[in-house]
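See structure below.
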Amino acid sequence: MSQGLNPAQHNAVESQARFLRVLAGAGSGKTRVLVSRAAWLIGSQGVSPYRLLAVTFTNKAAAEMRTRIESLCNMNVRGMWVGTFHGLAHRLLRIHWRDAGLLEEFQILDADDQLRMIKRIHKDHNITDTDFTPKLSKWYINSEKDAGRTPAEVGECNDRQAQLLHQVYSTYQKQCEQSSLVDFAELLLRSLKLLQNNPEVSALYRHKFQHILVDEFQDTNSIQYQWLETLLGEATSLTIVGDDDQSIYGWRGAQIQNILGFADSFAGTETVRLEQNYRSTATILAAANAVISQNQNRLGKSLWTEGDAGQPIGLYAAYNEQDEAKYIVDQIKQHKEQGKHYKSQAILYRSNAQSRVLEEALIYGRVPYRIYGGLRFFDRAEIKNTLAYLRLIGLTQDDAAFERVVNFPTRGIGDRTVQIIRERALRDDASLWVAAESLIAQGSSSEGLKGRARNAVAAFIEMIRSFQHKAINYSLSELTSFVIFEAQIDAHYNKEPHEQKQSKLENLKELVSATQSFDHLAQMTPEDKWFDPEMVNEPLFEAHRNQAVSPSPEVQVTVNQSLVAFLEHVALESGERQADAFEDAVQLMTIHSAKGLEFPIVYLSGMEEGLFPSQMSMQDSSKIEEERRLCYVGITRAEEYLLLSHAEVRRIYGEERRTRVSRFVREIPSECIQEVRLGSITRPSTLGNRSLASEAFASSSSGYAHFSNNQAATTSGSQGAVSSDDESYLTLGTNVQHKIFGEGVILALEGKGARQRVQVNFKTAGSKWLMASIAQLETV
DNA sequence: TACGGCCAACTTTTT
DNA sequence: GTTGGCCGTA
């Protein structure tokens with residue numbers, strides 16, 4: 001099972017050290033080592049698969065690890081403790097919900113609903129955006145939780161803002177507990193508190209787990225570290241795998257110190273470095289090594305390969321971002337002609353805002369593409385609204401869900417009425433649902449709701465109750481269809497304009513079919529789902545089972561387990577937004593989301609100071625180091641060919657700015673780089689180099705001139721679709737000569753025919769907009 | 001309740 | 001240049 005491993009990998013896999021740190025460079029077979037070690041422990045060391053805890057950050061990594069362990073060990077293991085930090089913490093809370101102070105039906109609050117709750121709290125506390133934004137409160141709450149601090153544990157708040165923030169945190173937390181809602185950070189915080197406050201629970205797991213394996217350790221934050229420490233028993237071994245050079249989530253609380261200082265924290269740590277790279281050419285590795293070696297705060301590693309030098313790294317200096325995009329698209333097409341699939345080519349960028357221009361160029365070049373990181377299916381408003389009904393059915397205390405659907409679709413419960421319900425909830429320390437019920441129950445007394453508002457709220461409550469009733473006998477997918485129809489969600493979207501209506505109704509259908517795969521879970525018990533076979537006989541759970549025999553009064557409805565499972569899935573595992581493996585499309589994504597992926601051909605765009613490194617990081621040397629690590633991640637995504645590009649002029653927030661090439665480009669040894677000044681379409685020509693580039697632009701696809709034309713035509717509505725080719729020698733990047741201003745380069749084109757305007761950047765006269773028909777530009 | 005107009009803000013993001 | 005929030009009007 002450790003066949004085909006290199007010596008370093010072999011040492012890591014079969015290490016006997018209790019504390020093992022594997023520093024795995026990019027492309028050095030990290031996952032393979034982790035999986036082989038797990039398989040070796042189970043297969044050769046006799047460790048029970050249930051006594052192994054393997055933790056990752058993404059569901060994708062967890063799923064991969066699980067299937068690979070299963071195939072290496074040739075077994076199919078249910079209940080293995082392999083998962084994400086959040087998924088495993090959630091599992092602990094599901095098993096020990098009572099000790100964790102939760103309702104059995106507790107639900108997970110996603111980032112969007114968290115922000116909505118905070119906005120509500122800001123309004124109630126009269127905090128305006130000029131004080132601070134809900135986003136800041138969200139950031140504050142999540143960082144406090146990530147540091148392991150409950151509202152009570154936050155230290156002194158010196159200024160007014162800190163006090164207010166703390167107040168928002170306390171109120172938010174109180175409301176979450178009221179509703180038995182757990183946000184992402186709370187999954188970890190609460191399961192940590194569960195272990196800390198219940199010695200018999202932590203003793204169980206500290207004894208149970210003989211080996212803990214952690215992937216991407218450089219990304220762990222403070223609470224994840226504490227969580228691992230708490231699970232670490234006296235005889236538990238800990239293997240961590242990671243790469244300090246790929247720590248790019250410091251801004252989100254990741255503590256690079258966790259991996260840097262690991263050997264100091266755990267005496268006797270063995271460190272194994274994996275430096276042989278199986279992914280990239282020697283040239284790409286030389287560039288990556290050179291860049292990352294500029295960082296001071298690192299353990300130090302140097303990647304090497306037995307492979308060839310490969311092609312030099314391309315460097316393209318574009319005139320502006322359109323030219324940059326155009327060049328990249330041309331290169332993609334050329335590589336495609338040379339037999340490289342679109343899906344093996346990726347365009348990476350520092351910030352999402354950069355994707356638009358690239359997308360436009362791809363559309364006009366008719367190149368299929370796929371963007372990672374847009375709105376996910378379960379984040380769409382129509383889906384979230386429908387899910388909120390399901391949540392309310394499963395847990396009426398869920399105030400976030402209540403707020404979302406109480407007047408959606410509009411049913412005459414206006415803001416005033418909802419405000420009355422909120423005030424009552426506040427007064428009675430109750431959920432919105434209970435408050436609404438009590439207001440209805442008081443009839444038309446002066447205390448309660450009156451007239452139309454009362455009827456509307458009563459009808460709403462009655463409707464949700466009827467759904468709960470259906471939930472007992474309906475399958476989840478039947479229930480979902482029923483809700484969409486009965487709550488008139490479909491009728492609401494049917495009223496919208498055609499294109500939107502179409503896609504929204506299709507999404508609702510898609511939602512129903514997504515629920516179908518959960519229908520078969522209806523009869524599952526929580527124990528089936530969360531326990532592993534070795535836990536069934538645990539004495540600790542006997543007590544809980546006996547408790548469960550006498551039902552507690554707060555249990556309201558027998559919850560359909562497929563509903564619970566589906567909502568968990570949506571909250572914790574809806575994240576993957578990947579291209580289908582068989583779809584041949586160029587991949588577009590931020591460098592952050594490219595981590596862990598690899599592509600034969602990578603275009604690293606926007607290599608400019610202020611963009612990459614980002615303006616926000618340029619003041620602080622530790623932030624610059626993180627940007628540099630990000631650059632290292634970007635470079636090492638490429639297997640065969642890497643192209644770096646930057647624009648000399650870029651539009652940022654609607655303003656054109658001159659740029660300087662990124663310092664990271666200058667940190668790459670010049671012998672690794674070949675500047676590309678033209679599209680490599682070569683053809684016999686008497687034109688100079690620069691004009692050749694222009695030829696390449698003009699020859700492929702319709703070009704930006706036409707794009708601008710189309711825009712002008714649709715906005716003005718008065719022009720025909722016929723394009724005159726009179727001015728077609730004017731394309732982006734063409735070198736032109738003007739009688740008065742001299743030589744310059746075309747930066748942009750607008751309009752067509754007699755009305756065509758061009759922006760030319762003249763060598764001496766600077767940038768000017770000219771009417772093409774008057775300016776009489778000549779190509780050089 | 002729904003819209004259009006005006007203003008301010010603006011990295012990176014899995015769970 | 002695009003988005004989200006707020007406010008006034010039909």
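We name chains A, B, ... by the order of the sequence lines, and we start the count at 1 in each one.
Of all nucleotides in DNA chain C having an atom under 4.0 Å from a heavy atom of chain A, the first and last in 5' to 3' order are C:dG1 to C:dG5.
For B:dT12, the base is anti relative to its sugar; the glycosidic angle deviates from 0 by more than 90°.
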Stepwise, does the ring pair (Phe, Tyr, Trp, His ring centres under 6.0 Å) test hold for A:Trp530 with A:His90?
CA-CA 10 Å; A:Trp530 304 113; A:His90 174 247; 5.3 Å; yes
I would like to know whether A:Ser222 and A:Gln255 meet side chain to side chain donor-acceptor pair (under 3.5 Å); could you show each step before the answer?
CA-CA 7 Å; A:Ser222 174; A:Gln255 302 279 321; 5.9 Å; no
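The interatomic distance linking A:Trp227 (CH2) with B:dT15 (P) rounds to 15 Å, in whole Å. Atom CD in A:Glu216 sits roughly 12 Å away from atom P in B:dT15 (whole-Å rounding). A:Tyr349 places its OH atom 10 Å from the P atom of B:dT12, with the value rounded to the nearest Å. At whole-Å resolution of the value, NZ in A:Lys60 and P in B:dT13 are 15 Å apart. In this entry the distance linking CD of A:Gln224 with C1' of B:dT15 reads 9 Å, nearest Å. Atom P of nucleotide B:dT13 and atom OH of A:Tyr249 are separated by 7 Å, given to the nearest angstrom. In this structure, A:Lys145 atom NZ and B:dT15 atom P are separated by 19 Å, rounded to whole Å. A:Ile248 places its CD1 atom 8 Å from the C1' atom of B:dT12, with the value rounded to the nearest Å.
By the 4.5 Å heavy-atom criterion applied to side chains, A:Leu348 and A:Leu588 are not counted as neighbours. You'll find the side chain of A:Gln114 reaches within 4.5 Å of the side chain of A:Tyr172, heavy atoms only.
The aromatic rings of A:Tyr249 and A:His592 sit tilted, their planes meeting at an angle between 30° and 60°. A tilted orientation is assigned to the rings of A:Tyr493 and A:Phe408, their planes being inclined by 30° to 60°. Taking the six-membered ring where tryptophan is involved, the planes of A:Phe217 and A:Tyr225 are tilted, since the angle between them lies from 30° to 60°. Using bins of under 30°, 30° to 60° and over 60° for the plane-to-plane angle, the ring pair A:Phe460/A:Phe402 lands in the perpendicular bin.
Side-chain atoms of A:Arg350 come within donor-acceptor range of the base of B:dT12, with a qualifying N/O pair under 3.5 Å.
Set against B:dT13, B:dT15, B:dT11, the side chain of A:His592 has B:dT13 as its closest nucleotide. The nucleotide whose nearest atom lies closest to any side-chain atom of A:Phe184 is, among B:dT15, B:dT11, B:dT12, B:dT15. Distance from the side chain of A:Thr590 is smallest to B:dT13 among B:dT11, B:dT13, B:dT15.
Remark: ring of A:Phe85 does not overlap the six-membered base ring of B:dT15 in a stacked fashion, as centroids less than 5.5 Å apart with planes less than 30° apart are not both met.
Of the residues listed (A:Asp243, A:Asp245, A:Ile256), the one engaging A:Arg298 in a side-chain contact (heavy atoms from CB on, under 4.5 Å) is A:Asp245, and it is the only one.
A:Lys30 has a carboxylate O that lies under 4.0 Å from a charged side-chain N of A:Asp215, or vice versa, which qualifies the two as a salt bridge.
Dashed line: the shortest gap from a side-chain N or O of A:Asn59 to OP1 or OP2 of B:dT15 is under 4.0 Å. A:Asn352 has a side-chain polar atom (N or O) that falls below the 4.0 Å cut-off from OP1 or OP2 of B:dT13.
Nucleic acid contact class of A:Glu626 (heavy atoms, under 4.0 Å, all strands): none. Using a 4.0 Å heavy-atom cutoff across all strands shown, A:Asp110 reaches no nucleic acid atom at all. Within the 4.0 angstrom heavy-atom criterion, no nucleotide atom of any strand lies near A:Thr133.
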Nucleotide N/O of nucleotides 1-10 of chain B paired with protein N/O under 3.5 Å:
unit_1 : atom_1 : unit_2   : atom_2 : d
B:dT1  : OP1    : A:Asn407 : ND2    : 3.1

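Where A:Phe57 and A:Leu630 each meet DNA chain B at their nearest nucleotide, the meeting point lying more 5' is that of A:Leu630.
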